[in-house]
Amino acid sequence: MNRLRTALATAAAAALGLAALAAAPAQAAAQPAFLAASQMPPSSTPWTATQIFPGVPENGGVLCAPYKIPAQNTRYREFSTELDTNGVQVTTVARTEADAVKLVDTLRKSLAGCGPLLERQNPGLHAVSAYHGKLAVEEGAWVYSLDTADPQIGSTDIHLFSVGRDGRTVTLVRWGQMGDLADAPLTGFRTTTKTAVNKLY
């Protein structure tokens with residue numbers, strides 16, 4: 001009887017060990033993947049990327065959506081070139097898919113209304129937000145732009161944004177540089193957005 005118990009215990013331990021080994025790759029794969037520097041829109045100088053950091057970027061998120069993305073279960077990576085073109089990807093895993101849908105809706109409203117909000121907050125600034133359509137990737141991705149001009153400083157800036165979702169994971173990508181919408185690589189940014197959402201899992 002003791003031999004039988006020992007054999008059963010050994011078999012159970014072996015089964016648990018195999019289960020742990022099987023679970024390890026699944027747990028490792030559960031962490032959403034990020035864009036590589038080479039997957040940002042084409043630029044005249046190479047892109048570089050930081051490591052992936054926990055939480056949200058400085059100031060609570062990104063332009064047009066500050067403090068909208070929770071820090072918990074969120075990571076981000078920043079991108080830059082030698083010509084001051086820059087970007088960031090922020091990815092968060094929501095508690096449920098319904099929470100992810102709500103976050104996407106919140107971010108989309110923030111991006112769509114960013115121009116008028118910035119004008120109210122900064123008298124004299126001209127800011128125009130525009131919607132550039134939905135992309136067919138996973139549960140969808142939506143693209144926006146923000147075109148700003150400050151007559152007092154004489155500067156113009158253009159930013160492209162996208163929000164995409166795969167299940168309960170939401171990712172936001174931003175690209176920005178000096179110039180206006182005519183200078184922005186909108187087609188390339190759409191490709192970057194599709195890649196970002198497809199790479200999540």
Side-chain angles (χ1 to χ4, degrees), residues 34-35 40-41 43 47 53 55-72 74-81 83-92 94 99-135 137-166 169-197:
F34 276 72
L35 290 165
M40 291 295 283
S43 175
W47 285 95
F53 298 102
V56 294
E58 189 177 359
N59 298 324
V62 295
L63 179 68
C64 289
Y67 307 106
K68 301 297 184 184
I69 302 174
Q72 186 175 7
T74 298
R75 299 186 301 156
Y76 72 95
R77 165 175 275 176
E78 296 177 316
F79 304 88
S80 61
T81 73
L83 296 179
D84 292 331
T85 305
N86 58 83
V88 66
Q89 181 184 9
V90 186
T91 297
T92 187
D99 288 340
V101 171
K102 290 179 182 178
L103 178 57
V104 168
D105 289 343
T106 297
L107 292 173
R108 291 189 61 199
K109 288 176 183 176
S110 295
L111 296 176
C114 187
L117 177 63
L118 290 179
E119 287 186 337
R120 290 194 299 270
Q121 294 175 340
N122 304 274
L125 180 72
H126 300 302
V128 178
S129 294
Y131 174 55
H132 299 281
K134 181 180 180 180
L135 303 178
V137 56
E138 297 301 339
E139 275 72 61
W142 296 263
V143 179
Y144 297 83
S145 65
L146 173 68
D147 205 337
T148 61
D150 191 332
Q152 295 181 347
I153 301 176
S155 65
T156 59
D157 294 284
I158 179 66
H159 294 273
L160 301 177
F161 300 88
S162 62
V163 179
R165 183 173 70 87
D166 183 355
T169 301
V170 177
T171 193
L172 184 147
V173 181
R174 180 189 63 78
W175 171 99
Q177 70 174 23
M178 293 181 64
D180 54 32
L181 187 57
D183 303 313
L186 190 54
T187 299
F189 186 73
R190 288 191 177 102
T191 300
T192 293
T193 295
K194 286 185 176 181
T195 301
V197 178

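These numbers come from a predicted model, not from an experiment.
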Using a 4.5 Å cut-off on heavy atoms from C-beta on, say whether the side chain of I158 contacts that of T148. no
Kindly say whether V143 contributes a backbone atom to a donor-acceptor pair with the side chain of S162 at under 3.5 angstrom? no
Answer yes or no: is there a donor N or O on one side and an acceptor on the other, between the side chain of R174 and the main chain of V90, under 3.5 Å? no
Does the side chain of F189 come within less than 4.5 Å of S145's, by heavy atoms? no
Side chains of S110 and C64 in contact at under 4.5 Å (non-hydrogen atoms): no
Heavy-atom side-chain contact between R75 and T91 under 4.5 Å: no
Hey, do the aromatic rings of F161 and Y144 have their centres closer than 6.0 Å? no
Summary of side chain to side chain donor-acceptor pair (under 3.5 Å) pairs that have at least one residue in residues 113-124, sequence neighbours excluded: none
Okay, side chain of Y131, backbone of K134: is any donor-acceptor separation there less than 3.5 Å? yes
With a 4.5 Å cut-off on side-chain heavy atoms, are N86 and T81 touching? no
Using the six-membered ring wherever Trp is involved, compare the ring planes of F79 and W47 and label them parallel, tilted or perpendicular (cut-offs 30° and 60°). perpendicular
Measuring only between side-chain heavy atoms, which start at C-beta, is V170 closer than 4.5 Å to L107? yes
Which atom of A100 lies closest to which atom of T169, heavy atoms considered: CB-N, 4.5 Å
Looking at every heavy atom in both G113 and S129, which two are closest together, and how far apart are they? C-OG, 4.5 Å
Backbone N/O of L35 and side chain of R77: donor-acceptor pair under 3.5 Å: yes
Tell me whether D183 contacts the main-chain N or O of L181 through its side chain, where contact means a donor paired with an acceptor under 3.5 Å. no
Taking the side chain as every heavy atom from C-beta outward, state whether T92 and L103 have any atom pair closer than 4.5 Å. yes
Test item: W175 and T85 side chains (from C-beta on) under 4.5 Å apart, heavy atoms: yes
Would you sort out whether L63 and L146 count as a side-chain contact (heavy atoms from CB on, under 4.5 Å), showing the intermediate values? CA-CA 10 Å; L63 179 68; L146 173 68; 3.7 Å; yes
On a heavy-atom basis, which atom in P57 and which in E78 lie closest, and how many Å separate them? CB-OE2, 4.4 Å
